[in-house]
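Positions are given from 1 along the sequence. Given the structure is predicted, the values throughout are model-derived calculations rather than measurements.
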Amino acid sequence: MEHAVDTVPEDVAPKLENKFSSVLKPTANTVVKCLKCEKVYIFPADKDDCLAHLYLEHRLVIADVEDIALLEDYLQYWQKEFHSHEFEQYCTTMFLDQLPDGTYARNEKYYLLCDILPQDYELRQRLREERLKTALERHHFELTDRNFSKECLFCRTVIKGLRADYLDHLFDKHFLLVGKPEKLVYVDELLDQLEANLNQLICLYCEKVFKDRTTLKEHMRKKGHKRINPNRREYDKYFLINYNRAPAPAPRKQQHQKRRQPSGSVSADVENMDFDKHFARPDSEGEHDSDWSDWAGDGEPHSLKCLYCPHFGDHFAGLKQHMIDAHSLDFDVATSALNFYQRVKVVNYIRRQLCMRRCVSCDIQFDDLDLLTEHMAQESHCGIGERSSWDKPEFFFPYMENDGLLCVLDDSTGDEPDTDVVRIISEDSLAQVNKDAESLSLENFKI
(Lines give C-alpha, C1' and ligand atoms only; values in the text may rest on other atoms or scores of the structure.)
Protein backbone atom coordinates (compact mmCIF):
# COMPACT_ATOMS: atom_id res chain seq x y z
CA MET A 1 0.00 0.00 0.00
CA GLU A 2 1.42 3.34 -0.98
CA HIS A 3 -0.88 5.84 0.68
CA ALA A 4 -3.86 5.84 3.02
CA VAL A 5 -6.49 8.58 3.15
CA ASP A 6 -9.38 8.51 5.56
CA THR A 7 -12.85 8.63 4.04
CA VAL A 8 -14.83 11.78 4.83
CA PRO A 9 -18.64 11.83 5.05
CA GLU A 10 -20.26 13.52 2.05
CA ASP A 11 -21.92 16.24 4.11
CA VAL A 12 -18.64 17.54 5.52
CA ALA A 13 -16.42 16.94 2.50
CA PRO A 14 -17.00 20.40 0.94
CA LYS A 15 -16.07 22.09 4.23
CA LEU A 16 -12.81 20.21 4.50
CA GLU A 17 -11.86 20.69 0.87
CA ASN A 18 -10.98 24.36 1.35
CA LYS A 19 -8.85 23.56 4.39
CA PHE A 20 -7.12 20.58 2.86
CA SER A 21 -4.15 22.54 1.55
CA SER A 22 -3.03 23.21 5.13
CA VAL A 23 -3.89 19.75 6.46
CA LEU A 24 -2.24 17.41 3.99
CA LYS A 25 -0.71 14.80 6.29
CA PRO A 26 -2.14 11.36 5.37
CA THR A 27 -4.37 9.77 7.97
CA ALA A 28 -2.77 6.83 9.74
CA ASN A 29 -5.85 4.72 10.48
CA THR A 30 -9.10 4.11 8.58
CA VAL A 31 -12.09 2.03 9.68
CA VAL A 32 -13.17 -0.44 6.98
CA LYS A 33 -16.22 -2.68 7.25
CA CYS A 34 -16.38 -6.12 5.65
CA LEU A 35 -18.07 -6.17 2.25
CA LYS A 36 -20.74 -8.69 3.38
CA CYS A 37 -20.82 -8.90 7.17
CA GLU A 38 -20.52 -6.64 10.20
CA LYS A 39 -16.85 -7.33 10.93
CA VAL A 40 -14.71 -4.17 11.15
CA TYR A 41 -11.01 -3.68 10.42
CA ILE A 42 -8.57 -0.86 11.05
CA PHE A 43 -6.42 -0.08 8.02
CA PRO A 44 -3.57 -0.29 7.22
CA ALA A 45 -2.70 -2.58 10.15
CA ASP A 46 -5.52 -5.06 9.47
CA LYS A 47 -5.27 -5.08 5.70
CA ASP A 48 -4.06 -8.68 5.40
CA ASP A 49 -6.59 -9.91 7.96
CA CYS A 50 -9.41 -8.24 6.04
CA LEU A 51 -8.39 -9.76 2.71
CA ALA A 52 -7.98 -13.18 4.34
CA HIS A 53 -11.44 -12.87 5.90
CA LEU A 54 -13.01 -12.08 2.52
CA TYR A 55 -11.43 -15.19 1.04
CA LEU A 56 -11.97 -17.65 3.90
CA GLU A 57 -15.45 -16.56 4.96
CA HIS A 58 -16.98 -15.14 1.78
CA ARG A 59 -14.78 -16.75 -0.90
CA LEU A 60 -14.14 -13.40 -2.52
CA VAL A 61 -10.82 -12.65 -4.24
CA ILE A 62 -9.87 -9.11 -5.31
CA ALA A 63 -7.63 -9.14 -8.37
CA ASP A 64 -4.37 -7.11 -8.35
CA VAL A 65 -5.11 -5.83 -4.87
CA GLU A 66 -1.57 -4.50 -4.45
CA ASP A 67 -2.09 -2.19 -7.44
CA ILE A 68 -5.25 -0.58 -6.08
CA ALA A 69 -4.78 3.03 -5.02
CA LEU A 70 -6.58 4.03 -1.80
CA LEU A 71 -7.64 0.46 -1.01
CA GLU A 72 -9.76 1.66 1.92
CA ASP A 73 -11.91 3.82 -0.36
CA TYR A 74 -12.13 0.97 -2.84
CA LEU A 75 -13.46 -1.44 -0.20
CA GLN A 76 -15.87 1.12 1.22
CA TYR A 77 -17.30 1.72 -2.23
CA TRP A 78 -17.96 -1.98 -2.84
CA GLN A 79 -19.26 -2.44 0.70
CA LYS A 80 -22.11 -0.09 -0.18
CA GLU A 81 -22.75 -1.91 -3.47
CA PHE A 82 -22.75 -5.40 -1.94
CA HIS A 83 -24.98 -4.27 0.88
CA SER A 84 -27.92 -4.50 -1.53
CA HIS A 85 -26.54 -6.77 -4.23
CA GLU A 86 -25.12 -10.28 -4.37
CA PHE A 87 -21.59 -11.07 -5.49
CA GLU A 88 -22.84 -12.68 -8.70
CA GLN A 89 -24.06 -9.34 -10.05
CA TYR A 90 -20.55 -7.85 -10.17
CA CYS A 91 -18.05 -10.67 -9.80
CA THR A 92 -16.78 -13.42 -12.04
CA THR A 93 -17.83 -16.81 -10.72
CA MET A 94 -15.21 -19.55 -10.53
CA PHE A 95 -15.47 -23.22 -9.58
CA LEU A 96 -12.48 -24.82 -7.89
CA ASP A 97 -11.91 -28.29 -6.51
CA GLN A 98 -10.91 -27.19 -3.02
CA LEU A 99 -12.19 -25.42 0.06
CA PRO A 100 -10.64 -22.12 1.22
CA ASP A 101 -8.45 -24.03 3.70
CA GLY A 102 -7.02 -26.20 0.88
CA THR A 103 -9.11 -29.31 1.60
CA TYR A 104 -10.19 -31.17 -1.53
CA ALA A 105 -13.81 -30.67 -2.58
CA ARG A 106 -15.65 -30.71 -5.88
CA ASN A 107 -16.97 -27.59 -7.64
CA GLU A 108 -16.63 -25.08 -4.84
CA LYS A 109 -17.84 -21.63 -5.86
CA TYR A 110 -15.57 -18.56 -5.58
CA TYR A 111 -15.92 -14.94 -6.70
CA LEU A 112 -13.37 -12.75 -8.46
CA LEU A 113 -13.72 -8.97 -8.31
CA CYS A 114 -11.55 -7.48 -11.06
CA ASP A 115 -11.28 -4.58 -13.48
CA ILE A 116 -12.81 -6.59 -16.32
CA LEU A 117 -15.99 -5.07 -14.95
CA PRO A 118 -16.20 -1.51 -16.38
CA GLN A 119 -17.49 -0.16 -13.09
CA ASP A 120 -14.51 -1.61 -11.22
CA TYR A 121 -12.08 -0.37 -13.86
CA GLU A 122 -13.43 3.19 -13.66
CA LEU A 123 -13.30 3.08 -9.86
CA ARG A 124 -9.65 2.03 -9.86
CA GLN A 125 -8.77 4.75 -12.36
CA ARG A 126 -10.60 7.42 -10.35
CA LEU A 127 -8.92 6.40 -7.10
CA ARG A 128 -5.51 6.46 -8.79
CA GLU A 129 -6.20 9.99 -10.03
CA GLU A 130 -7.38 11.09 -6.59
CA ARG A 131 -4.28 9.69 -4.96
CA LEU A 132 -2.06 11.45 -7.49
CA LYS A 133 -3.88 14.74 -6.99
CA THR A 134 -3.51 14.50 -3.23
CA ALA A 135 0.18 13.68 -3.51
CA LEU A 136 0.80 16.60 -5.91
CA GLU A 137 -0.95 19.02 -3.56
CA ARG A 138 1.15 17.78 -0.67
CA HIS A 139 4.29 17.95 -2.81
CA HIS A 140 3.64 21.58 -3.74
CA PHE A 141 2.96 22.44 -0.11
CA GLU A 142 6.23 20.88 1.05
CA LEU A 143 8.27 22.69 -1.60
CA THR A 144 6.89 26.13 -0.69
CA ASP A 145 6.08 25.95 3.03
CA ARG A 146 8.58 28.03 5.04
CA ASN A 147 7.16 27.22 8.47
CA PHE A 148 9.01 23.92 8.71
CA SER A 149 11.23 23.44 11.76
CA LYS A 150 12.97 20.27 12.92
CA GLU A 151 16.09 19.24 14.81
CA CYS A 152 18.67 17.36 12.77
CA LEU A 153 18.62 13.57 13.03
CA PHE A 154 22.29 13.51 14.01
CA CYS A 155 23.29 16.84 15.55
CA ARG A 156 21.54 19.44 17.68
CA THR A 157 21.10 21.91 14.82
CA VAL A 158 17.50 23.06 14.31
CA ILE A 159 16.76 23.77 10.66
CA LYS A 160 13.96 26.24 9.94
CA GLY A 161 12.48 27.24 6.62
CA LEU A 162 12.08 24.89 3.68
CA ARG A 163 12.19 21.13 3.93
CA ALA A 164 14.74 21.27 1.11
CA ASP A 165 17.08 23.10 3.49
CA TYR A 166 16.75 20.24 5.97
CA LEU A 167 17.52 17.63 3.32
CA ASP A 168 20.49 19.71 2.14
CA HIS A 169 21.80 19.81 5.72
CA LEU A 170 21.57 16.03 6.04
CA PHE A 171 23.58 15.61 2.87
CA ASP A 172 26.09 18.46 3.27
CA LYS A 173 26.92 17.86 6.95
CA HIS A 174 26.29 14.13 7.39
CA PHE A 175 26.29 12.77 3.82
CA LEU A 176 22.94 11.09 4.39
CA LEU A 177 21.24 10.39 1.06
CA VAL A 178 17.46 10.58 1.45
CA GLY A 179 16.38 11.94 -1.92
CA LYS A 180 15.98 15.13 -3.89
CA PRO A 181 13.25 17.45 -2.56
CA GLU A 182 11.58 17.65 -5.97
CA LYS A 183 11.19 13.85 -6.01
CA LEU A 184 9.88 13.35 -2.46
CA VAL A 185 6.44 13.66 -0.91
CA TYR A 186 5.20 13.28 2.68
CA VAL A 187 8.67 14.30 3.80
CA ASP A 188 7.62 14.86 7.42
CA GLU A 189 6.42 11.30 7.77
CA LEU A 190 9.58 9.98 6.10
CA LEU A 191 11.82 11.92 8.47
CA ASP A 192 9.82 10.73 11.46
CA GLN A 193 10.29 7.13 10.33
CA LEU A 194 14.04 7.58 9.86
CA GLU A 195 14.30 9.23 13.28
CA ALA A 196 12.42 6.35 14.90
CA ASN A 197 14.80 3.83 13.31
CA LEU A 198 17.87 5.71 14.50
CA ASN A 199 16.46 6.03 18.02
CA GLN A 200 16.01 2.26 18.04
CA LEU A 201 19.63 1.84 16.80
CA ILE A 202 18.46 0.38 13.48
CA CYS A 203 20.57 0.85 10.35
CA LEU A 204 18.62 2.87 7.77
CA TYR A 205 19.70 0.63 4.89
CA CYS A 206 20.09 -2.97 6.08
CA GLU A 207 17.89 -2.52 9.20
CA LYS A 208 20.21 -4.45 11.49
CA VAL A 209 20.00 -3.55 15.18
CA PHE A 210 23.15 -2.42 17.02
CA LYS A 211 24.08 -2.15 20.67
CA ASP A 212 24.83 1.58 20.74
CA ARG A 213 24.98 4.64 18.53
CA THR A 214 28.73 4.56 18.19
CA THR A 215 28.62 1.07 16.68
CA LEU A 216 25.69 2.02 14.45
CA LYS A 217 27.53 5.15 13.28
CA GLU A 218 30.66 3.23 12.36
CA HIS A 219 28.64 0.52 10.61
CA MET A 220 26.73 3.01 8.46
CA ARG A 221 29.91 4.91 7.61
CA LYS A 222 32.08 1.88 6.82
CA LYS A 223 29.38 -0.01 4.89
CA GLY A 224 28.08 3.02 2.98
CA HIS A 225 24.63 2.61 4.54
CA LYS A 226 23.96 6.31 5.01
CA ARG A 227 20.89 6.15 2.80
CA ILE A 228 17.52 4.47 2.67
CA ASN A 229 17.05 1.17 0.89
CA PRO A 230 15.31 1.82 -2.49
CA ASN A 231 14.11 -1.79 -2.61
CA ARG A 232 12.02 -1.48 0.56
CA ARG A 233 8.38 -1.10 -0.46
CA GLU A 234 7.66 0.75 2.77
CA TYR A 235 9.41 3.77 1.26
CA ASP A 236 7.46 3.76 -2.02
CA LYS A 237 4.86 6.26 -0.85
CA TYR A 238 7.55 8.88 -0.21
CA PHE A 239 8.63 9.07 -3.86
CA LEU A 240 6.37 11.01 -6.20
CA ILE A 241 7.15 8.81 -9.19
CA ASN A 242 5.21 5.94 -7.63
CA TYR A 243 1.91 7.85 -7.78
CA ASN A 244 1.63 7.97 -11.55
CA ARG A 245 2.14 4.36 -12.58
CA ALA A 246 -0.31 2.03 -14.22
CA PRO A 247 -0.69 -1.61 -13.11
CA ALA A 248 2.02 -3.94 -14.36
CA PRO A 249 1.40 -5.68 -17.70
CA ALA A 250 4.03 -8.34 -16.90
CA PRO A 251 2.99 -11.92 -16.03
CA ARG A 252 2.25 -12.55 -12.38
CA LYS A 253 5.17 -14.99 -11.99
CA GLN A 254 7.65 -12.33 -13.05
CA GLN A 255 6.01 -9.85 -10.72
CA HIS A 256 6.37 -12.30 -7.84
CA GLN A 257 10.03 -12.81 -8.60
CA LYS A 258 10.55 -9.05 -8.54
CA ARG A 259 8.26 -8.28 -5.64
CA ARG A 260 10.94 -6.13 -4.01
CA GLN A 261 10.66 -3.53 -6.74
CA PRO A 262 8.83 -0.31 -5.74
CA SER A 263 5.06 -0.64 -5.80
CA GLY A 264 3.34 -0.46 -9.13
CA SER A 265 4.88 -1.47 -12.41
CA VAL A 266 8.40 -0.18 -12.86
CA SER A 267 9.44 0.89 -16.32
CA ALA A 268 12.70 -0.41 -17.75
CA ASP A 269 14.56 2.86 -17.27
CA VAL A 270 13.48 3.03 -13.63
CA GLU A 271 14.38 -0.62 -12.97
CA ASN A 272 17.89 0.04 -14.26
CA MET A 273 18.21 3.33 -12.39
CA ASP A 274 21.44 3.97 -10.54
CA PHE A 275 20.03 5.02 -7.20
CA ASP A 276 23.37 6.40 -6.03
CA LYS A 277 23.36 8.73 -9.02
CA HIS A 278 19.64 9.33 -8.65
CA PHE A 279 20.06 10.55 -5.08
CA ALA A 280 23.34 12.41 -5.58
CA ARG A 281 23.43 16.19 -5.64
CA PRO A 282 25.05 18.07 -8.55
CA ASP A 283 27.68 19.62 -6.28
CA SER A 284 28.72 16.36 -4.66
CA GLU A 285 31.77 15.62 -6.77
CA GLY A 286 33.79 14.40 -3.85
CA GLU A 287 34.32 17.65 -2.00
CA HIS A 288 31.81 16.69 0.69
CA ASP A 289 32.91 14.18 3.24
CA SER A 290 30.66 12.64 5.87
CA ASP A 291 30.76 14.60 9.08
CA TRP A 292 29.61 12.45 11.99
CA SER A 293 31.78 14.11 14.62
CA ASP A 294 28.86 16.02 16.11
CA TRP A 295 26.76 12.89 16.69
CA ALA A 296 27.43 12.23 20.35
CA GLY A 297 26.70 8.58 21.00
CA ASP A 298 24.96 7.61 24.18
CA GLY A 299 26.93 4.37 24.56
CA GLU A 300 30.43 3.81 25.86
CA PRO A 301 33.30 4.61 23.45
CA HIS A 302 35.18 1.86 21.68
CA SER A 303 37.59 -0.06 23.94
CA LEU A 304 40.92 0.01 22.17
CA LYS A 305 43.16 -2.96 22.95
CA CYS A 306 46.91 -2.61 22.74
CA LEU A 307 48.57 -4.54 19.92
CA TYR A 308 51.12 -6.24 22.21
CA CYS A 309 49.58 -6.58 25.69
CA PRO A 310 46.17 -6.80 27.41
CA HIS A 311 46.08 -3.04 28.08
CA PHE A 312 42.85 -1.25 27.05
CA GLY A 313 42.47 2.46 26.33
CA ASP A 314 39.50 4.68 25.64
CA HIS A 315 41.26 7.00 23.21
CA PHE A 316 43.59 6.34 20.31
CA ALA A 317 46.04 9.05 21.34
CA GLY A 318 46.37 7.53 24.81
CA LEU A 319 46.82 4.04 23.38
CA LYS A 320 49.59 5.23 21.04
CA GLN A 321 51.35 6.87 23.98
CA HIS A 322 51.06 3.61 25.92
CA MET A 323 52.71 1.70 23.07
CA ILE A 324 55.55 4.23 23.04
CA ASP A 325 56.08 4.00 26.81
CA ALA A 326 55.56 0.25 27.28
CA HIS A 327 56.71 -1.21 23.96
CA SER A 328 58.99 1.46 22.43
CA LEU A 329 56.80 1.62 19.32
CA ASP A 330 55.69 4.90 17.80
CA PHE A 331 52.69 3.71 15.80
CA ASP A 332 52.45 6.91 13.75
CA VAL A 333 56.11 6.75 12.75
CA ALA A 334 56.02 3.02 11.99
CA THR A 335 52.97 3.42 9.72
CA SER A 336 53.60 6.92 8.37
CA ALA A 337 54.23 5.63 4.84
CA LEU A 338 51.13 3.40 4.85
CA ASN A 339 47.61 4.23 3.78
CA PHE A 340 44.47 3.30 5.69
CA TYR A 341 44.05 -0.16 4.14
CA GLN A 342 47.67 -1.06 4.74
CA ARG A 343 47.34 -0.05 8.39
CA VAL A 344 44.29 -2.31 8.63
CA LYS A 345 46.43 -5.18 7.35
CA VAL A 346 49.15 -4.38 9.88
CA VAL A 347 46.75 -4.41 12.82
CA ASN A 348 45.12 -7.67 11.74
CA TYR A 349 48.53 -9.25 11.10
CA ILE A 350 49.80 -8.35 14.58
CA ARG A 351 46.55 -9.60 16.15
CA ARG A 352 46.94 -12.90 14.29
CA GLN A 353 50.59 -13.30 15.30
CA LEU A 354 49.88 -12.69 18.99
CA CYS A 355 46.90 -15.05 18.85
CA MET A 356 49.14 -17.78 17.41
CA ARG A 357 51.93 -16.90 19.92
CA ARG A 358 54.33 -15.97 17.11
CA CYS A 359 56.78 -13.09 17.21
CA VAL A 360 55.71 -10.21 14.99
CA SER A 361 59.21 -9.56 13.68
CA CYS A 362 61.05 -12.93 13.58
CA ASP A 363 57.99 -15.27 13.41
CA ILE A 364 59.37 -17.60 16.16
CA GLN A 365 56.57 -19.50 17.87
CA PHE A 366 56.30 -19.83 21.68
CA ASP A 367 54.30 -22.17 23.86
CA ASP A 368 53.38 -19.46 26.33
CA LEU A 369 52.18 -15.90 25.75
CA ASP A 370 54.30 -14.59 28.61
CA LEU A 371 57.45 -16.03 27.01
CA LEU A 372 56.50 -14.41 23.70
CA THR A 373 55.95 -11.06 25.40
CA GLU A 374 59.29 -11.32 27.21
CA HIS A 375 61.08 -12.24 23.98
CA MET A 376 59.60 -9.32 22.02
CA ALA A 377 60.50 -6.90 24.80
CA GLN A 378 64.10 -8.13 25.13
CA GLU A 379 64.74 -8.28 21.40
CA SER A 380 62.86 -5.02 20.66
CA HIS A 381 60.61 -6.93 18.28
CA CYS A 382 57.48 -4.90 19.05
CA GLY A 383 57.26 -3.62 15.50
CA ILE A 384 54.97 -4.14 12.53
CA GLY A 385 56.96 -6.88 10.80
CA GLU A 386 58.13 -7.16 7.24
CA ARG A 387 55.83 -5.88 4.52
CA SER A 388 55.95 -9.23 2.75
CA SER A 389 54.44 -10.81 5.88
CA TRP A 390 51.39 -8.57 6.33
CA ASP A 391 50.68 -7.10 2.87
CA LYS A 392 48.29 -9.88 1.89
CA PRO A 393 44.55 -9.79 1.08
CA GLU A 394 43.74 -12.15 3.97
CA PHE A 395 44.61 -9.42 6.45
CA PHE A 396 41.79 -7.20 5.25
CA PHE A 397 39.60 -9.23 7.62
CA PRO A 398 39.66 -8.63 11.39
CA TYR A 399 41.12 -11.29 13.67
CA MET A 400 39.51 -9.87 16.81
CA GLU A 401 35.77 -9.40 17.09
CA ASN A 402 34.64 -5.78 17.46
CA ASP A 403 38.21 -4.52 17.20
CA GLY A 404 37.74 -0.84 18.05
CA LEU A 405 41.24 -0.02 16.84
CA LEU A 406 40.18 -0.66 13.24
CA CYS A 407 37.48 2.00 13.57
CA VAL A 408 39.89 4.77 14.52
CA LEU A 409 42.75 4.05 12.16
CA ASP A 410 41.53 6.68 9.73
CA ASP A 411 42.07 9.26 12.47
CA SER A 412 45.83 8.70 12.32
CA THR A 413 48.22 10.52 10.07
CA GLY A 414 49.55 9.37 6.73
CA ASP A 415 46.40 9.33 4.59
CA GLU A 416 46.70 12.88 3.29
CA PRO A 417 49.01 13.21 0.27
CA ASP A 418 51.83 15.72 0.31
CA THR A 419 50.70 18.57 -1.91
CA ASP A 420 54.32 19.36 -2.81
CA VAL A 421 55.12 15.88 -4.03
CA VAL A 422 54.11 14.52 -7.43
CA ARG A 423 53.32 10.85 -6.98
CA ILE A 424 53.90 8.43 -9.86
CA ILE A 425 52.04 5.13 -9.61
CA SER A 426 53.53 2.33 -11.63
CA GLU A 427 51.32 0.09 -13.71
CA ASP A 428 52.81 -2.93 -11.94
CA SER A 429 51.53 -1.66 -8.61
CA LEU A 430 48.08 -1.07 -10.07
CA ALA A 431 48.09 -4.55 -11.53
CA GLN A 432 48.91 -6.01 -8.12
CA VAL A 433 46.11 -3.99 -6.49
CA ASN A 434 43.65 -5.25 -9.09
CA LYS A 435 44.86 -8.79 -8.55
CA ASP A 436 44.35 -8.47 -4.78
CA ALA A 437 40.91 -6.96 -5.31
CA GLU A 438 39.82 -9.79 -7.60
CA SER A 439 40.80 -12.32 -4.97
CA LEU A 440 38.32 -10.78 -2.54
CA SER A 441 34.88 -11.95 -3.55
CA LEU A 442 31.76 -10.52 -1.97
CA GLU A 443 31.23 -13.85 -0.26
CA ASN A 444 34.17 -13.09 2.00
CA PHE A 445 32.30 -10.11 3.40
CA LYS A 446 29.26 -12.02 4.60
CA ILE A 447 28.39 -11.06 8.16
Peer 1: Take Asp120 and Trp78 through the test side chain to side chain contact (heavy atoms under 4.5 Å, CB included) and record every step on the way to the result.
Peer 2: CA-CA 9 Å; Asp120 185 274; Trp78 283 114; 3.3 Å; yes
Peer 1: Between the side chains of Asp391 and Lys345, is the shortest nitrogen-to-carboxylate-oxygen separation below 4.0 Å, so that they form an ion pair?
Peer 2: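 Asp391 and Lys345: salt-bridged.
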Peer 1: With Lys173 as the cation and Phe154 as the aromatic partner, state whether NZ or CZ is under 6.0 Å from the six-membered ring centre and within 45° of the axis.
Peer 2: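 Output no; distance or angle outside limits.
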Peer 1: Looking at Phe141, is its backbone amide N or carbonyl O close enough to the side chain of Asp145 to form a donor-acceptor pair, meaning the two atoms are under 3.5 Å apart?
Peer 2: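 Not confirmed, Asp145 side chain does not pair with Phe141 backbone.
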Peer 1: So, Gln353 versus Asp363: side-chain donor-acceptor pair below 3.5 Å or not?
Peer 2: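 A donor-acceptor contact under 3.5 Å links the two side chains.
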Peer 1: When you measure from the side chain of Tyr166 to the backbone of Ser149, do you find a donor-acceptor pair of N or O atoms at a distance under 3.5 Å?
Peer 2: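 Answer holds: no.
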Peer 1: Looking only at heavy atoms, which two atoms of Arg124 and Cys114 are closest? And how far apart?
Peer 2: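 Smallest heavy-atom distance, with atoms named: NH2-CA, 3.9 Å.
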Peer 1: Less than 4.0 angstrom from a charged side-chain N to a carboxylate O is my criterion; do Lys39 and Asp46 meet it?
Peer 2: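 Answer for the salt bridge query: no.
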Peer 1: Applying salt bridge (charged side-chain N to carboxylate O under 4.0 Å, His left out), can you list everything that pairs with Glu386, at least two apart in sequence or on another chain?
Peer 2: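 Result, salt bridge (charged side-chain N to carboxylate O under 4.0 Å, His left out) vs Glu386: none returned.
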Peer 1: Could you pull out the closest heavy-atom pair between Cys306 and Met323, with the gap in Å?
Peer 2: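 Scanning both residues, the minimum pair turns out to be SG-CG, 3.8 Å.
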Peer 1: If you measure from SG on Cys203 to CG on Leu198, what distance do you get to the nearest 0.5 Å?
Peer 2: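 Between Cys203 SG and Leu198 CG, I get 9.0 Å after rounding to 0.5 Å.
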Peer 1: If the condition is ring-ring contact (aromatic ring centres under 6.0 Å, His included), which residues does Tyr41 pass it with, not counting sequence neighbours?
Peer 2: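 With neighbours one apart ignored, the set is His53.
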Peer 1: Backbone N or O of Gly383 within a donor-acceptor pair of the Tyr308 side chain at under 3.5 Å?
Peer 2: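 Yes; judged by distance alone, with no hydrogens or angles, the pair exists.
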Peer 1: Between Arg146 and Leu162 (side chain of the first, backbone of the second, donor and acceptor by atom type, cut-off under 3.5 Å), is there such a pair?
Peer 2: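 Flag not set: sc Arg146 to bb Leu162 has no pair under 3.5 Å.
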Peer 1: Is the backbone of Asp67 close enough, under 3.5 Å, to the side chain of Asp64 for a donor and an acceptor to pair up by distance?
Peer 2: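 Not a single qualifying donor-acceptor pair exists.
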Peer 1: Looking at Tyr349 and Val360, would you say the former's side chain and the latter's main chain have a donor-acceptor pair under 3.5 Å?
Peer 2: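 Confirmed, Tyr349 side chain pairs with Val360 backbone.
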Peer 1: What do you reckon, is OH of Tyr121 surrounded by more than 12 foreign heavy atoms closer than 6.0 Å?
Peer 2: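 It does not: Tyr121 OH has 12 such atoms or fewer within range.
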Peer 1: Among all residues two or more places apart in sequence or in another chain, which pass the salt bridge (charged side-chain N to carboxylate O under 4.0 Å, His left out) test with Asp49?
Peer 2: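 None.
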Peer 1: Any ion pair linking Lys47 and Glu66 (charged N to carboxylate O, less than 4.0 Å)?
Peer 2: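 Yes, charged N to carboxylate O under 4.0 Å.
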Peer 1: For Glu130, is there any backbone N or O sitting under 3.5 Å from a side-chain donor or acceptor partner on Thr134?
Peer 2: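 Flag set: sc Thr134 to bb Glu130 pair under 3.5 Å.
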Peer 1: Between Lys320 and Asp332, is the closest basic N to carboxylate O distance under 4.0 Å?
Peer 2: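 Lys320 and Asp332: salt-bridged.
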Peer 1: Applying side chain to side chain contact (heavy atoms under 4.5 Å, CB included) to His327 and Thr373, what does each step give before you reach the verdict?
Peer 2: CA-CA 10 Å; His327 308 292; Thr373 304; 5.7 Å; no
Peer 1: Residues in salt bridge (charged side-chain N to carboxylate O under 4.0 Å, His left out) with Lys150, at least two apart?
Peer 2: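 Testing Lys150 for salt bridge (charged side-chain N to carboxylate O under 4.0 Å, His left out), a comparison that skips the adjacent residues, returns Asp192, Glu195.
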Peer 1: Measure up the Phe171 and Phe175 rings against each other and bin them: parallel (under 30°), tilted (30 to 60°), perpendicular (over 60°).
Peer 2: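 Tilted.
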Peer 1: His311 vs His322 aromatic rings, parallel, tilted or perpendicular, using cut-offs 30° and 60°?
Peer 2: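 Geometry flag for His322 against His311: parallel rings.
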Peer 1: Work out which heavy atom in Ala63 is nearest to a heavy atom in Leu112; give both atom names and the distance.
Peer 2: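 It is CB-CD1, 3.9 Å.
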Peer 1: Over all heavy atoms of both residues, which pair between Val185 and Ala135 is shortest? Give the atoms and the distance, please.
Peer 2: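 Looking at all heavy atoms of both residues, the closest pair is CG2-O, 3.4 Å.
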Peer 1: In a check of side-chain contact (heavy atoms from CB on, under 4.5 Å) between Phe331 and each of Leu319, Leu409, Ile324, which one passes?
Peer 2: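 Only match with Phe331 under side-chain contact (heavy atoms from CB on, under 4.5 Å): Leu409.
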Peer 1: Does Cys362 have any side-chain contact (heavy atoms from CB on, under 4.5 Å) partners at least two apart in sequence or in another chain, and if so, which?
Peer 2: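 For Cys362 the side-chain contact (heavy atoms from CB on, under 4.5 Å) partners, ignoring immediate neighbours, are Cys359, Ile364, His375, His381.
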Peer 1: Going by the rule side-chain contact (heavy atoms from CB on, under 4.5 Å), which residues pair with Val187 if we only count those two or more places apart in sequence or in a different chain?
Peer 2: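 Expected list: Glu142, Arg163, Leu184, Leu191.
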Peer 1: Ignoring hydrogens and geometry, is there a side-chain-to-backbone donor-acceptor pair from Glu189 to Tyr186 under 3.5 Å?
Peer 2: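 Checked: no pair found.
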Peer 1: Keeping the roles fixed (side chain from Asn348, backbone from Phe397), state whether a donor-acceptor pair exists under 3.5 Å.
Peer 2: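 Side chain of Asn348 to backbone of Phe397: a pair is present.
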Peer 1: Looking only at non-hydrogen atoms, find the nearest pair between His169 and Cys155 and report the distance.
Peer 2: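 In this case the closest contact between His169 and Cys155 is NE2-SG, 3.5 Å.
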Peer 1: Classify the angle between the aromatic ring planes of His225 and Tyr205 as parallel (below 30°), tilted (30 to 60°) or perpendicular (above 60°).
Peer 2: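 The arrangement is tilted - the two ring planes meet at 30° to 60°.
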Peer 1: What pair of heavy atoms forms the shortest contact from Leu170 to Val178, and how long is it?
Peer 2: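 So the two residues come closest at CD1-CG2, 4.1 Å.
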